[in-house]
Chemist: 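Sharing a structure below in structure tokens format, with a few things to ask.
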Amino acid sequence: MTVRLRFAPSPTGYLHIGGVRTALYAWLYARQRGGEFVLRIEDTDVARNSDEAIQIIYDSMRWLGLDWDEGPEVGGPHGPYQQSERLALYREHAERLIESGHAYRCYATTEEIQAARKAWEEAHGHGGFRFRSPWRDRTDGDPEVPHVVRFKAPSEGETGWDDLVYGPIAYPNAEQQDFVLLRQNGLPLYNFGAFVDDLTMGITHVTRGDDHLVNTPPQILLYRAFGAEPPCFAHLPMVLGPDGKKLSKRHAAVAVLEYRDLGYVPDGVLNYLARLGWSHGDDEIFTRAELIEKFDWSACGRTGSRYDVKKLAHVQGAHLRVLTNEALAGLVVPFLAQRGLEVAPGDPRLVAAIEPVKLRATTLVDLAEGLDYFFRADDALVFDEKGAKKFLVPEAAPLLEAFASLVESTAFEAEALEAATTAWLERDGIAIKNLAQPARVAMTGRTASPGLYETLILLGRDRALSRLRRGAERARGA
RNA sequence: GGCCCCAUCGUCUAGCGGUUAGGACACCGGCCUCUCACGCCGGUAACAGGGGUUCAAGUCCCCUUGGGGUCACCA
């Protein structure tokens, strides 16, 4: 049997990092088993949904490379894939349940229910109220009169399942109430909509956050009411903020797209998220292919995990550094453009300059920053003021000039330049430190950069000389 | 409050009856060195508490405590 998994976000603004992890696990499993991954939009809460939010979901998934085999924009045999377009299906399934005696039309008003709730709470305290509808055993209601459809939930025994990550779990049916399937306006409630879709789309594995644990018994009950075999369930513990509370915007960037803008690479984000709640021995860094190969529900933890931006940065950096210079060139171009530097992705100077800079970067933003001086005109170099003040001092001027002359008269090749420089410094008893920092600031504008000779070569003879001499002038005037 | 879930370094975790309790991030030293990184070496640091079961418990069972989730015509 081919496995079918789905990711079913509701478009309420942005795609949350925790939601992405759920999507990732489902995607990994589908890919590992050669199954299908479907994307479905749960937009039955009209008050909270928007088209922009739906677009954000598509953009997020595509940026991450979590491609869907069926769903919006790609189609498929089980469409439509947006709940708001599947209303007839929900109505039809509700009718079938009414006919088979598993559900009923309830005409109780909100006021009635509120009154019953109030009475219950006065007697028993807050929480635990379960509405007992007087319509439960009546069949004389007029279908034309506004009503909701409720499920006839059992009150004895228990409903359980063998969760892929939690193991056996069971809830007493006494906890169940006659939950609403269809609202008065005809729109399904989460449990019913998700159930009908999962059933009709042939979903074999339902994956979601553990905050949905309590929704599982009602859904299992629905499968049974239809005489269908419930799917496998895999609940994942929540992603928490650094303080152990539910992750929210005040903790960190929780919207995935923010990481794209921050210059993170998708594989880095995915790797970090995969390891947050799942492990494979002592391994930490995984390629996408390794993740697909090694992912396993039984290796998922059952405890909530705190989101650690430091570790994310570390994993991210590791992924950035293994990308080829050519790949990085393509990715960094937009970030260079943001700094006003128009560089072609295929520019050989770019590819060459990336090599030493990528070891010093963890994000594409860092990379662009480290590349900045290289593409800036000699007279437009941006100086780190503190660094310039410290190293471009009058005493440095003669050193810079002498260095420029030496560079000018030496074969322009790293080893030769280093040999000549070392010989000169030794002969004149000058510590290399005294030359290197001023030269670095003169050439790059900053106090930290790739090696001296490396920088010289990358810049090219003419630009290096020009910058060294401009630096000397500036030093003299300082 | 009812119901359900969870519990190893600060954090992410390995461990699936016998280990000097391992790795990673972070932190602290050191090496490398022209700066900053990368890299390498080393260090600090954990089984929530109490009862059982067992020759033997971080591993199994129970209780306590502590977290979390959920109790809608939201998802």
Chemist: Tell me which one of A:F192, A:F195, A:F179 satisfies ring pair (Phe, Tyr, Trp, His ring centres under 6.0 Å) with A:F151.
Modeler: A:F179

Chemist: Write down the distance between CG (A:N173) and C1' (B:rC3), rounded to a whole number of angstrom.
Modeler: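 Distance, rounded to whole Å: 12 Å.
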
Chemist: Check whether any side-chain heavy atom of A:L222 sits under 4.5 Å from a side-chain heavy atom of A:L199, and report yes or no.
Modeler: no

Chemist: A:K310 NZ to B:rA26 C1': how many Å, rounded?
Modeler: 6 Å

Chemist: Taking the side chain of A:R306 as its heavy atoms from C-beta onward, which of B:rC38, B:rC4, B:rU11 lies nearest to it?
Modeler: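 Looking only at side-chain atoms, A:R306 lies closest to B:rU11.
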
Chemist: Within the 4.0 Å heavy-atom criterion, would you say A:G193 contacts the bases, only the backbone, or no part of the nucleic acid?
Modeler: nothing

Chemist: Salt-bridged, A:D197 to A:R40, with N to O below 4.0 Å?
Modeler: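 Between A:R40 and A:D197 there is a salt bridge, with a charged N closer than 4.0 Å to a carboxylate O.
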
Chemist: Rounding to the closest angstrom, what is the interatomic distance between B:rG29 and B:rA48 at atom C1'?
Modeler: 32 Å

Chemist: Taking the P atom of each, how far is B:rG66 from B:rG49, in whole Å?
Modeler: 15 Å

Chemist: Closest to the A:R275 side chain: B:rG23, B:rA7, B:rC38?
Modeler: B:rG23

Chemist: Residues in salt bridge (charged side-chain N to carboxylate O under 4.0 Å, His left out) with A:R376, at least two apart?
Modeler: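 Testing A:R376 for salt bridge (charged side-chain N to carboxylate O under 4.0 Å, His left out), a comparison that skips the adjacent residues, returns A:D372.
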
Chemist: With a cut-off of less than 4.0 Å, is there a side-chain N or O of A:S449 near OP1 or OP2 of B:rU35?
Modeler: no

Chemist: Round to a whole Å and report the spacing from OH of A:Y272 to C1' of B:rA24.
Modeler: 12 Å

Chemist: May I ask which nucleotide in the shown strands pairs with B:rC60, Watson-Crick or G-U wobble, both distances under 3.5 Å?
Modeler: B:rG52

Chemist: With a 4.0 Å cut-off, would you call A:R461 and A:E408 a salt bridge?
Modeler: no

Chemist: Got a salt bridge between A:R275 and A:E284, using NZ or NE/NH1/NH2 to carboxylate O under 4.0 Å?
Modeler: yes

Chemist: Using whole Å, what does the distance between atom P of nucleotide B:rC12 and atom CG of A:N271 come to?
Modeler: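 Checked: the CG to P distance equals 17 Å.
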
Chemist: For B:rC3, give its Watson-Crick or G-U wobble partner with both distances under 3.5 Å, or none.
Modeler: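 B:rC3 is paired, partner B:rG69.
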
Chemist: For A:T447, which contact category applies under a 4.0 Å heavy-atom criterion: base, sugar-phosphate, or nothing?
Modeler: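 Base contact.
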
Chemist: Which listed nucleotide (B:rC6, B:rU35, B:rG23) is nearest to the side chain of A:D282?
Modeler: B:rG23

Chemist: Please report the distance separating the P of B:rA14 from the corresponding atom of B:rC6, rounded so that it comes out in whole Å.
Modeler: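 Pairwise P distance, B:rA14 against B:rC6, rounds to 14 Å.
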
Chemist: Nearest-nucleotide wise, let me know which of A:R302 and A:K433 is further upstream toward the 5' end of RNA chain B.
Modeler: A:R302

Chemist: Between B:rG39, B:rA14, B:rC34, which nucleotide gets closest to the side-chain atoms of A:R440?
Modeler: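 It is B:rC34.
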
Chemist: Roughly how far apart, to the nearest Å, are B:rG39 and B:rU53 at atom C1'?
Modeler: 50 Å

Chemist: Could you walk me through whether A:F131 and A:D178 pass side-chain contact (heavy atoms from CB on, under 4.5 Å), step by step?
Modeler: CA-CA 7 Å; A:F131 182 59; A:D178 287 356; over 6 Å; no

Chemist: Reckon A:P450 touches a base, only the sugar-phosphate, or nothing at all at heavy-atom distances under 4.0 Å?
Modeler: base

Chemist: Distance between the C1' atoms of B:rA46 and B:rU20, in whole angstroms?
Modeler: 15 Å

Chemist: Between B:rG17 and B:rC74, how far is it from one P atom to the other, in whole Å?
Modeler: 48 Å

Chemist: Before accepting this row, confirm whether a basic side-chain N of the pair A:K389/A:D384 lies closer than 4.0 Å to the acidic partner's carboxylate O.
Modeler: no

Chemist: Can A:Q83 and A:R86 be said to form a side-chain hydrogen bond (donor to acceptor under 3.5 Å, both in side chains), step by step?
Modeler: CA-CA 5 Å; A:Q83 290 192 322; A:R86 300 170 64 81; over 6 Å; no

Chemist: Please tell me which of the listed nucleotides, B:rA14, B:rC6, B:rC12, lies nearest to the side chain of A:L276?
Modeler: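 Minimum distance to the A:L276 side chain belongs to B:rC12.
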
Chemist: Across the strands shown, which category fits A:A170 at heavy-atom distances under 4.0 angstrom: base, sugar-phosphate, nothing?
Modeler: sugar-phosphate

Chemist: In Watson-Crick or G-U wobble terms, both distances under 3.5 Å, what is the partner of B:rU20?
Modeler: none

Chemist: With rounding to the closest Å, how many angstrom separate the C1' atoms on B:rG15 and B:rG50?
Modeler: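 24 Å, rounded to whole Å.
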
Chemist: Write down the partner of B:rG39 under the Watson-Crick or G-U wobble criteria, each distance required to be under 3.5 Å.
Modeler: B:rC31

Chemist: Of A:L359 and A:E418, whose nearest nucleotide on RNA chain B comes first from the 5' end?
Modeler: A:E418

Chemist: Taking atom CZ of A:R339 as the centre, report whether more than 12 heavy atoms of other residues, nucleotides or ligands fall under 6.0 Å from it.
Modeler: yes

Chemist: Let me have a per-nucleotide readout for nucleotides 44-49 of chain B, 5' to 3', with B, S or -, counting only protein heavy atoms under 4.0 Å.
Modeler: ------

Chemist: Using whole Å, what does the distance between atom P of nucleotide B:rC34 and atom CZ of A:R360 come to?
Modeler: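 Taking atom P of B:rC34 as the reference, CZ of A:R360 is at 13 Å.
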
Chemist: State the pairing partner of B:rA46; accept Watson-Crick or G-U wobble contacts with both distances under 3.5 Å, and report none otherwise.
Modeler: none

Chemist: Can you build the contact string for nucleotides 64-75 of chain B? Use B for base contact, S for sugar-phosphate-only contact, and - for no protein heavy atom under 4.0 Å.
Modeler: ----SSSBSBBB

Chemist: To the nearest Å, give me how far apart CD (A:E284) and C1' (B:rA24) are.
Modeler: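 It is 4 Å, rounded to the nearest whole Å.
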
Chemist: One thing to verify: whether A:R105 and A:E95 come together as a salt bridge, which I'm taking to mean a side-chain N less than 4.0 angstrom from a carboxylate O.
Modeler: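 Judged by the 4.0 Å cut-off on N to carboxylate O distance, A:E95 and A:R105 do form a salt bridge.
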
Chemist: Without decimals, in angstroms, what is the distance between A:F286 CZ and B:rA14 C1'?
Modeler: 12 Å

Chemist: Which part of the nucleic acid, if any, lies within contact of A:G125, taking any heavy atom under 4.0 Å across all strands shown: a base, the sugar-phosphate backbone alone, or nothing?
Modeler: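 No contact.
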
Chemist: To the nearest Å, how far apart are A:K294 NZ and B:rA14 P?
Modeler: 16 Å

Chemist: Less than 4.0 angstrom from a charged side-chain N to a carboxylate O is my criterion; do A:R360 and A:D366 meet it?
Modeler: no

Chemist: Using the P atom as the reference point in each nucleotide, state the distance between B:rU11 and B:rU65 in Å, no decimals.
Modeler: 23 Å

